Amino acid sequence: MKKNNFKIVYTLTLLAGLILTTITPEAISAEFAVVVNAKNGTSGSQEEIRREVKRTFMKQQSSWTGNIDAFPLDRDPSNAAHQAFLKNVLQMSEQELDAHWLSMKQQQGQTPPRVVGSTRILLRLIGKKEGGMGVVNVDELAGAPASVKALLQFTD
Amino acid sequence: MKIISCHVDGRYHIPDIIRLSRVGVVSMGILLGSSILTPAIALDADKNDRLSKLEAQLSKAMGLILLLQNEISVIKNENSTGEAKTGNLKQITQSVQENSERMDDMEDVVLDLEDKTGSRALVKAFDAVSIDIGGFLHSAYTYVDGESGSAGSFNRQTFELLMKAELGQSWSAFIAQAFIRESAPIFQDDEGRKDPTFRIPGAGISPTVIAWANYKASDALNVRLGRFITPHGIVNIDHFPASLLDPEQPQFLRPFGGQTMFANFMTGINVHGQKFGENGTLKYDFYLGNFVGNPENINYGGRLAYKIAGTGFTVGANVGGGSRTNVDAVGGASSNYLLYGGDLLYDKGNILWKSEFFATDEDLGENRLTFYTQPAYRINNKWTAFYRFDFLDDGTGTGDKIEHAIGLNYRPIQSVVLRSILTLKGFDAVDSSLPNGPLSEADVRSYQLSATFSF
């Protein structure tokens with residue numbers, strides 16, 4: 001009897017562990033979105049859009065499709081959206097990004113995108129600038145102005 | 001007997017009021033009934049009098065009923081208005097909360113601005129849409145240990161100011177103004193390879209390193225006019241000490257602003273652009289201009305580079321030509337040359353590997369050849385180690401020069417880089433049968449500590 005109880009507890013513990021390890025990363029993952037002006041006509045596969053977003057953010061590409069001057073905006077380095085963007089879209093470390101900007105500043109005078117702290121102000125700026133782009137948590141898109149749209153969604 | 005009850009808050013609520021009104025109506029009915037029955041059994045003489053009294057009472061009762069009905073309506077209305085008010089209050093609270101959040105955002109922005117500007121006067125550009133200013137300081141101590149002597153000096157102090165102005169849509173300008181106090185290590189012995197010292201060029205120089213205006217038609221087509229870095233290879237384009245593992249650069253780019261293989265800087269016109277594709281980015285540069293040391297002759301050239309997406313590889317092909325003045329080789333006469341070369345960059349993860357080669361075909365003097373390869377390993381976010389093998393045959397007939405450089409870069413923060421570099425340089429012997437011979441073989445060790453501070 002004791003042996004059976006032990007087996008049941010052991011099996012249940014294993015199952016619980018398995019379920020936790022399978023579910024937890026999904027459960028705690030957050031969704032983010034690269035937001036652009038509603039007039040932005042960029043299209044393509046997810047990977048094509050990711051590459052274009054990366055080039056635009058890093059100011060290697062200065063215009064969106066349709067020759068609209070790009071106006072990328074950044075978040076504070078401690079912001080979860082910035083960190084997720086760095087990891088999943090730029091696929092770089094903070095140091096690699098810093099090195100990129102150091103060389104861009106000294107070779108061409110290109111400065112990093114302006115940092116905007118408030119999501120509300122970020123969305124309004126993107127709505128005002130045709131080439132605007134920024135990254136937000138998907139939850140923050142509720143109540144966003146109609147002048148912006150999500151171009152790319154990604155999970156951290 | 002208690003007819004009505006009152007709630008603890010002292011108010012009558014709708015069910016109580018309805019109950020109250022029902023009781024009132026029933027009471028009135030009983031009262032009326034009794035009043036009506038009474039006159040039927042009374043004497044005729046009193047009939048008229050009683051009828052009048054009854055009518056008066058009835059009228060009073062009716063008035064009372066109406067009064068009660070009115071009061072009930074008023075109380076009902078009051079309750080429904082209260083419910084509406086509660087709904088409005090919720091909306092108002094939400095709105096106030098939202099406005100408070102907006103106000104907080106605005107205050108954060110204002111505080112940030114206040115922190116940056118305070119009561120200071122703001123700099124305004126005359127006409128530019130925007131101006132960005134930065135720069136760097138670079139200092140170095142170098143100790144050179146030769147076969148017949150040694151010398152050490154804080155030999156480099158550079159302050160460079162960088163400015164970028166947006167003149168309007170599609171138009172921009174970039175300027176790098178340097179203020180340099182430095183002396184280059186040279187050899188004062190007859191053979192120029194054994195007894196090191198430092199050449200002091202005077203009070204210092206302040207060259208305008210870069211000054212160009214750029215018109216952007218699109219990412220694929222830009223036109224740049226002015227003084228620019230000659231777009232060949234990798235290190236010459238990287239150029240600035242803050243971006244370099246070894247600020248002394250490979251041998252073919254020395255001296256600063258010289259034309260050992262090609263002119264490091266060019267004054268003229270540069271057409272450049274890039275095209276983005278699914279598999280990578282194609283970048284091109286074409287230029288036409290003058291080297292400051294040989295202003296009467298036009299130089300031309302270009303570079304085509306392809307960055308292969310996702311691999312870390314960039315491969316470049318270079319072609320150039322023109323005319324140069326080389327006092328050592330051709331006695332001051334101009335030599336026409338044709339330049340060709342290639343470069344390969346691998347930059348991914350912990351590895352940063354740069355390699356370049358260039359060769360020239362000279363119509364006067366010897367042809368030139370140079371190549372280097374510089375693998376580097378990013379130990380972590382702060383430390384990078386590198387090695388460089390560097391070969392140069394500069395066409396002067398003084399033998400090949402080979403350098404082995406090994407160094408360590410440390411970045412305590414991204415805008416500060418501290419370096420320690422050891423360089424072993426070997427001069428090949430030159431046979432007595434050659435025009436500049438005989439020259440003996442010589443080895444030199446050089447140690448350099450340097451720091452670059454960007455802002």
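Bear in mind that the values here come from a model prediction, so they are computed numbers and not experimental data. Numbers restart at 1 for each chain; the letters A, B, ... are given by sequence-line order, proteins then strands.
- Rounded to the nearest 0.5 Å, atoms CG (B/Asp105) and CZ (A/Arg124) are 11.0 Å apart.
- Within residues 167-178 of chain B, the residues that have a heavy atom under 4.5 Å from a heavy atom of chain A are B/Gln169, B/Phe174, listed by number.
- Both the backbone and the side chain of B/Arg102 come within contact range of chain A, judged by heavy atoms closer than 4.5 Å.
- Using a 4.5 Å heavy-atom threshold, the side chains of A/Arg120 and B/Met106 count as separate.
- Contacts of A/Gln91 with chain B are absent, with no heavy-atom separation under 4.5 Å from either backbone or side chain.
- Two residues are said to be in side-chain contact when any heavy atoms from C-beta on lie closer than 4.5 Å; B/Lys283 and A/Gln60 fail this criterion.
- Atom CH2 of A/Trp101 is surrounded by more than 12 heavy atoms from other residues, nucleotides or ligands within 6.0 Å.
- Interface residue A/Thr111: only side-chain heavy atoms are found under 4.5 Å from chain B.
- When the candidates A/Ser103, A/Ser62, A/Ser118 are compared by the number of heavy-atom contacts under 4.5 Å with chain B, A/Ser62 comes out ahead.
- Legend: residues meeting side chain to side chain donor-acceptor pair (under 3.5 Å) with A/Asp76, ordered by chain and number and at least two apart, are A/Ser78.
- B/Lys216 and A/Ser63 share a side-chain donor-acceptor pair at under 3.5 Å.
- Here the CZ atom belonging to A/Arg51 is positioned 9.0 Å from the OG1 atom belonging to B/Thr281, to the nearest 0.5 angstrom.
- Heavy-atom distances place both the backbone and the side chain of A/Asp98 under 4.5 Å from chain B.
- Few gaps surround NZ on A/Lys59; more than 12 heavy atoms of other groups in view lie less than 6.0 Å from it.
- Using a 4.5 Å cut-off on side-chain heavy atoms (C-beta onward), A/Gln107 and B/Leu162 make no contact.
- Interface residues of residues 374-383 of chain B toward chain A, defined by a heavy-atom distance below 4.5 Å and sorted by number: B/Asn381.
- The stretch residues 123-156 of chain A participates, sequence neighbours left out, in these ring-ring contact (aromatic ring centres under 6.0 Å, His included) pairs: A/Phe32-A/Phe154.
- A/Gln106 touches chain B through backbone and side chain together, each having a heavy atom under 4.5 Å away.
- Contact tally against chain B (heavy-atom pairs below 4.5 Å) for A/Gln110, A/Glu47, A/Lys105, A/Gln108: the top residue is A/Gln108.
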